[in-house]
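Report on the following structure.
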Amino acid sequence: MQNKTTIKTAAICLCATMITINVSAQEKNDSIDVNSKKTNEEGNRNVMLNASNANGPREISIGLPGGDVNVLENGLPVVFATNPHSVETHWRSDGSLSHVGLLKITETAITTGNIGYAVNSFSELGSEGFKGKVNYSTNHFGKQQFDININGNIGKDWFYSGSIYQNFDPGSTKMVFTPFQDKTSIYKAAITKKYNNNKGSLSVIYHYSNSNALSTASTAAPFIYVGDGSVEQIPGFSLGTSSYLPSNGELVYMDIKTGEIKKTTLNDASKNRGNEISLINTYKWNNGLEWKTMFKYDDALGSRIYQTPMSLEMKSVSDGYKLVNNDGSLSDYKGYVQSRMSCFNRGDIKDILLTSELSQKNSNNTWRIGINQWHYIVDYSSNTSMYDQTVEASPSRLTKDGTTFYYDFNKNASEYYKGNENKLAIYGNHEWNVTDKFDVYYGARVEYQRLKGENAAVYANDGTAVGRFPNYHLGATYNVNGMTGVIAAQPFEYNWINGAFTAALTYKFNNNFGLTGDFTYNSQHVKMESFSPAELPNTGRVIIPLAQGGFYYNNDWVSLTSLVSYISKSNNNSTLNLINPDDASEIKAAPLCYDIQTLGWTTDAVVKPFKNFDVHMRFTYQNPTYKKYETSVTFVNGKTQTIDVTGNTVTEIPKVLIEIDPSYYITEKLKLWASFRYFSKTYANIENAYFFNGRWETFGGLNWKVNKNLSLGTTVINFLNQTGASGSIAGAELTKKEDASLHNGKWMAGSYIRPFTVEFSANITF
């Protein structure tokens with residue numbers, strides 16, 4: 001179901017609230033830069049305009065799932081691993097940053113070993129004179145966010161910078177048990193000393209973050225799956241503005257390390273903390289040779305809370321569910337029942353990261369060599385429990401015996417690992433303008449990766465995986481096929497050599513037209529987090545080749561690039577939580593390893609048809625498909641379910657993407673802009689039985705630069721007011737195409753589109 005306000009209504013809203021958005025990286029036009037590799041960045045692709053998460057970078061599809069943008073600050077990853085310490089709990093695009101850009105895929109591969117785009121940010125370190133900036137933003141849901149930075153000098157060649165970021169965001173849903181979906185504080189302080197006649201500088205930065213983030217727990221909702229790719233809202237529940245979390249916010253779990261039953265709240269379990277100190281040294285010789293060294297140590301507590309919907313069924317009184325009344329009495333319950341799997345992910349983390357680079361820029365070429373020494377220490381667990389609830393806004397938990405609300409502790413997706421991961425890499429690249437018409441770029445990376453630790457992947461004497469079972473924990477007794485034993489931590493240790501290579505060529509026929517192409521080959525192995533499930537992962541080499549080639553054309557009013565691309569990835573490790581079709585209360589975890597392949601075509605253009613107006617447009621067609629995607633699971637009743645979806649379209653990834661980003665300067669100081677993103681039909685389960693229709697993500701804003709010190713304005717998110725579901729459908733993995741119609745009109749649960757939101761902000765510089 002879609003509800004749409006008219007464009008006229010949205011325009012009135014934009015023009016009536018002449019208070020501005022803070023102009024930053026997200027407003028720059030997106031373009032594929034083929035003329036210059038020197039910055040190692042491309043147009044921003046509105047990377048900070050995120051329709052899924054208000055506080056982190058958006059996903060950028062490159063034809064592979066899990067397109068999270070890597071985030072770097074001062075040349076180092078903000079976090080080594082995003083689970084359980086997510087980027088947005090430790091970093092925000094705020095006034096503490098002097099620059100925010102977007103690294104090219106080739107640059108990300110060489111400098112980090114990852115495939116994808118990366119946000120490239122740098123701290124504000126201070127300069128001559130006293131300077132400052134204050135940013136404030138709010139929205140009609142009641143968010144209050146501000147950040148401030150002041151910087152200057154405190155004597156000859158000594159500089160300082162200090163920043164405060166505060167966010168109190170209730171989110172769009174009204175959670176009963178806490179006033180805030182996101183409550184985050186970040187503090188930074190920096191001292192810089194310039195030396196040797198400003199040839200060198202040394203900076204010390206302290207960074208503290210404290211964040212309670214519930215976004216991973218609060219994005220689920222029930223809906224009616226119509227069967228034609230659309231959904232309808234269930235009575236009394238508004239997608240995007242009603243909360244689907246239990247009203248008491250309670251969390252009960254079994255500690256997988258000790259077997260203790262513990263009780264806390266969702267809010268307390270979402271606690272994240274980071275204590276970080278960084279050192280940055282740069283030195284530049286007279287001949288242009290430059291040396292940069294970046295080091296940081298971060299002692300962090302990371303947490304992620306998931307409240308994953310599983311089965312959703314209509315129940316009668318005879319099924320025995322009870323509802324606890326306000327006075328503590330019990331009453332029989334009949335109606336829809338949602339079972340949910342609570343996953344409490346938490347880890348004590350230490351990041352020790354060092355990157356050092358030596359580079360030189362000459363008249364027709366630039367070279368660079370660098371080294372990464374990144375060390376990650378973690379003690380992680382994910383404790384799971386099941387509970388049942390009513391299907392309504394701010395639902396109530398259900399019980400069968402009047403006292404037990406939680407069951408199947410650690411039976412399903414519980415995880416544990418402890419140890420360290422080390423990456424030692426040497427990389428280099430060379431940018432060479434061979435002639436006025438021919439440019440070459442190439443680079444390589446060689447990486448030594450070492451993993452050492454322990455996990456809870458236990459196998460019986462005959463090699464059978466024990467798997468998880470109710471009340472699973474270290475020290476519990478298992479019984480598999482008549483074989484008994486004790487669950488104990490299992491050691492693992494691996495040493496691998498990884499590598500990456502990239503090359504790009506550009507040939508200019510004239511000042512307007514040319515050919516361009518690039519190729520990136522990346523080989524990886526699994527990370528520490530892959531050892532979290534009940535079975536050991538496939539530790540084979542992960543190969544990711546990416547090739548693209550095409551042409552570009554530039555003149556005074558258009559900049560156009562068209563590229564054909566190919567990307568694939570082998571040995572993707574994953575775990576499916578499968579619901580028994582004959583007994584919705586039984587969930588089995590099925591590990592598997594599969595490949596993905598994508599062919600695509602992208603055309604990107606920036607058009608300036610008349611003065612003060614430009615529009616960026618991008619069209620992408622891609623065909624992401626599963627390769628070698630096969631697994632099976634046997635349930636308690638002996639029924640075996642086999643999955644073979646080789647050749648199917650990858651879930652949640654659209655085949656067609658369109659971006660249209662117009663902007664117009666009404667006056668020299670008044671800018672009207674918009675961003676439209678279209679995502680075509682996406683499949684909501686691996687069998688491609690369920691799907692969601694294409695949708696638009698829309699943003700618009702009016703920026704007013706009042707004077708040199710003050711900017712004011714507004715942003716409207718989802719100004720077409722589309723409502724609906726996105727992502728995947730909970731518990732639907734085993735439904736095949738031929739059976740999909742049997743579920744038309746049924747109540748289901750999944751994710752939803754971010755609702756219509758009006759944001760206001762102000763920026764003051766001094």
Side-chain angles (χ1 to χ4, degrees), residues 30-45 60 62-64 69-70 72 101-118 120 357 359-370 425-447 498-524 543-554 559-569 598-606 618 620 622:
D30 179 10
S31 62
I32 301 176
D33 182 3
V34 300
N35 296 314
S36 174
K37 298 279 190 300
K38 294 180 176 60
T39 64
N40 295 316
E41 292 183 1
E42 68 168 47
N44 265 276
R45 307 185 67 180
I60 296 179
I62 61 171
L64 298 177
V69 174
N70 302 295
L72 308 176
L102 189 68
L103 284 185
K104 294 177 171 65
I105 294 178
T106 53
E107 178 72 3
T108 305
I110 295 302
T111 57
T112 71
N114 295 322
I115 284 287
Y117 294 94
N120 193 29
E357 294 183 347
S359 63
Q360 188 175 42
K361 181 178 179 180
N362 300 310
S363 59
N364 67 339
N365 71 90
T366 300
W367 62 265
R368 173 183 56 174
I369 58 173
I426 298 174
Y427 60 89
N429 70 319
H430 184 208
E431 303 162 8
W432 184 19
N433 303 118
V434 183
T435 69
D436 292 340
K437 295 181 177 293
F438 187 41
D439 296 339
V440 177
Y441 169 91
Y442 55 92
R445 174 187 180 89
V446 179
E447 176 184 275
N498 303 321
F501 171 80
T502 185
L505 305 174
T506 300
Y507 185 78
K508 306 171 185 176
F509 288 96
N510 52 46
N511 292 333
N512 303 106
F513 177 74
L515 300 178
T516 184
D518 61 76
F519 174 76
T520 300
Y521 175 90
N522 198 342
S523 69
Q524 304 172 343
I543 303 298
I544 310 172
L546 167 63
Q548 54 186 4
F551 70 91
Y552 70 90
Y553 178 79
N554 298 319
S559 176
L560 182 145
T561 305
S562 187
L563 300 172
V564 175
S565 62
Y566 168 85
I567 189 170
S568 65
K569 184 179 181 183
T598 302
L599 288 171
W601 170 50
T602 296
T603 296
D604 185 281
V606 176
R618 177 186 290 252
T620 297
Q622 58 190 14

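Index from 1, following the sequence.
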Nearest heavy atoms of [X] and [Y], plus distance in Å:
{"X": "R618", "Y": "T602", "value": "NH1-CG2, 3.7 Å"}
{"X": "R445", "Y": "I110", "value": "NH1-O, 3.1 Å"}
{"X": "F519", "Y": "P545", "value": "CE1-CB, 4.3 Å"}
{"X": "Y552", "Y": "F513", "value": "O-CD1, 3.3 Å"}
{"X": "Y117", "Y": "L103", "value": "CD2-O, 3.4 Å"}
{"X": "S565", "Y": "Q548", "value": "CB-CB, 3.8 Å"}

Residues [X] and [Y]: side-chain donor-acceptor under 3.5 angstrom:
{"X": "N498", "Y": "S523", "value": "no"}
{"X": "E447", "Y": "Y427", "value": "no"}
{"X": "N554", "Y": "N512", "value": "no"}

Self-check item: Derivation and outcome, side chain to side chain contact (heavy atoms under 4.5 Å, CB included), residues W432 and N364
Solution: CA-CA 6 Å; W432 184 19; N364 67 339; 3.9 Å; yes

Calculate, to the nearest 0.5 Å, the distance between atoms [atom1] and [atom2] belonging to [X] and [Y] respectively.
{"X": "K569", "Y": "I115", "atom1": "NZ", "atom2": "CD1", "value": "9.5 Å"}
{"X": "I369", "Y": "Q360", "atom1": "CD1", "atom2": "CD", "value": "11.0 Å"}
{"X": "E107", "Y": "E41", "atom1": "CD", "atom2": "CD", "value": "9.0 Å"}
{"X": "Y553", "Y": "N510", "atom1": "OH", "atom2": "CG", "value": "8.0 Å"}
{"X": "K104", "Y": "N120", "atom1": "NZ", "atom2": "CG", "value": "11.0 Å"}
{"X": "L505", "Y": "Y441", "atom1": "CG", "atom2": "OH", "value": "12.5 Å"}

Quiz item: With sequence neighbours excluded, what pairs up with T502 under the side-chain hydrogen bond (donor to acceptor under 3.5 Å, both in side chains) test?
Solution: T520

Practice problem: Could you please spell out the steps behind the side chain to side chain contact (heavy atoms under 4.5 Å, CB included) verdict for L72 and T112? | Solution: CA-CA 10 Å; L72 308 176; T112 71; 4.2 Å; yes

Quiz item: Would H430 and N365 count as a side chain to side chain contact (heavy atoms under 4.5 Å, CB included) if you check the C-alpha gap in whole Å, the side-chain angles of each, and the deciding distance to 0.1 Å?
Solution: CA-CA 7 Å; H430 184 208; N365 71 90; 3.4 Å; yes

Practice problem: For N511, look at atom CG and say whether over 12 heavy atoms of other residues, nucleotides or ligands are found less than 6.0 Å away. | Solution: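 Result for CG/N511: open.
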
Quiz item: Counting heavy atoms not belonging to I426, are there more than 12 under 6.0 Å from its CD1?
Solution: no

Practice problem: Check for a donor-acceptor pair, side chain of N522 on one end and backbone N or O of G113 on the other, with a separation under 3.5 Å. | Solution: yes

Quiz item: Between T108 and N114, is there a donor-acceptor pair closer than 3.5 Å when you use the side chain of the first and the backbone of the second?
Solution: no

Quiz item: By ring-ring contact (aromatic ring centres under 6.0 Å, His included), which residues pair with Y507, not counting sequence neighbours?
Solution: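 Here the qualifying residues are F509.
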
Quiz item: Would D518 and I105 count as a side chain to side chain contact (heavy atoms under 4.5 Å, CB included) if you check the C-alpha gap in whole Å, the side-chain angles of each, and the deciding distance to 0.1 Å?
Solution: CA-CA 10 Å; D518 61 76; I105 294 178; over 6 Å; no

